[in-house]
Amino acid sequence: MSNDVKEIFTGGTGGNGGNGGAPPAPAALAAKVRTLAPSMTRSMQRVAEAVAGDPAGCAALTVTGLAELTGTSEATVVRTARLLGYPGYRDLRLALAGLAAQQQSGRAPAVTADIAVDDPIADVVAKLAYDEQQTLADTAAGLDTAQLGAAVSALAAARRIDIYGVGASALVAQDLAQKLLRIGILAHAMGDPHLSVTNAVLLRSKDVAVAITHSGSTGDVIEPLRVAFEHGATTIAITGRPDGPVSQYADHVLTTSTARESELRPAAMSSRTSQLLVVDCLFVGVAQRTYETAAPALAASYEALAHRHSPRSR
């Protein structure tokens, strides 16, 4: 084994797989695998699937043993560990041991949420509810709170906020803009790609641009974010692919869960759930930072609509 590879195994190189923070907690490991697996090479996917599927068994293996088990190389095991956020294989083994201990503590086994064409509606409800819960749990476990805090600070201090999203992500963009407007913050959801770019040209250092794209590669969202980035605005990406093209123009990246798709549950459904959780976290964080102005604004907006929710007098 070469010295440089030994350094990575033992964490001698420092760093945390590019995540800029502490290694993920054991409970977050499975979520991290689900989020990053689609962007891995096939050999790295085999390693990731093995550690997520049998943490106890893999925790007992040396790096050579795991490489042999997955039909890969020691270097591939190391790269996978680092991509998952661990300085070296030793740190990954510790996390696997912790995850195995949690699973042996009596937690109920996971259920499959695949929906069949002939499923009774009661089963559809149960499976969708499980999938939604898993998506939210994975997103919460994998969310970088340091990045989230920085994004909240930028939004709270912004002169103007532009939010980009298309398709299902456009609905999430509208939700964030509507929430921010209710507490007196100037925010606009840009659904038209041309309008997004022409408005992005006008953004400056005191402004914020938010791109929402599950794939991380939606051109109609990346282009205005790039323009905003180049004009000095603070940029935020909410994406399920933190290694996607959108991230190169984002000052802050907020990662959402990459839930498993099925024929009757496309990515647009699962991605929206995790995106809305991140949006709610951003909104509550901003409302906390701007409470003195946010609370009166929110109260005023409720009062303005109160008559629409009251029974009409005859």
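The chain is numbered in sequence order, starting from 1.
A donor and an acceptor atom, one from each side chain of Arg79 and Thr76, are located under 3.5 Å apart. Looking only at atom types and distance, the side chain of Thr273 has a donor-acceptor partner in the side chain of Glu132 under 3.5 Å away. For the 3.5 Å distance criterion, the side chains of Thr234 and Asp251 fail to qualify, holding no donor opposite an acceptor. Using modelled atom types, one finds a donor on one side chain and an acceptor on the other under 3.5 Å when comparing Gln45 with Arg42.
In this structure, Arg182 satisfies the cation-pi test against Tyr302, with its NZ or CZ atom closer than 6.0 Å to the six-membered ring centre and inside 45 degrees of the ring normal.
Checking Leu254, Leu225, Ile163 one by one against Ile236, the side chain to side chain contact (heavy atoms under 4.5 Å, CB included) holds for a single residue, Leu254.
Proximity of Arg272 to Val172: side-chain heavy atoms (C-beta onward) are separated by under 4.5 Å at one or more points. You'll find the side chain of Cys281 reaches within 4.5 Å of the side chain of Leu148, heavy atoms only. Val77 places none of its side-chain heavy atoms less than 4.5 Å from the side chain of Glu74. Ser153 places a side-chain heavy atom less than 4.5 Å from the side chain of Arg289. The shortest distance between side-chain heavy atoms of Leu186 and Ile161 does not fall below 4.5 Å.
Atom-to-atom distance recorded for Ile238:CD1 and Leu176:CG is 6.5 Å, nearest 0.5 angstrom. With rounding to the nearest 0.5 angstrom, the OH atom of Tyr164 is 9.5 Å from the CG atom of Leu195. Rounded to the nearest 0.5 Å, atoms CG (Leu92) and OG1 (Thr80) are 9.0 Å apart. The CG atom of Asp220 sits 8.0 Å away from the OG1 atom of Thr218 when rounded to the nearest 0.5 Å.
Among all heavy-atom pairs drawn from Thr139 and Thr255, the shortest one is CG2-O, 4.1 Å. Heavy-atom minimum distance, Phe229 versus Tyr249: CD1-O, 3.3 Å.
Under the 4.0 Å criterion applied to side-chain N and carboxylate O atoms, Arg159 and Asp207 are assigned as salt-bridge partners. Classification of Asp175 and Lys179 as a salt-bridged pair holds, one side-chain N sitting under 4.0 Å from a carboxylate O. A salt bridge is absent between Asp243 and Arg241: the closest approach of a Lys/Arg side-chain nitrogen to an acidic carboxylate oxygen does not fall below 4.0 angstrom.
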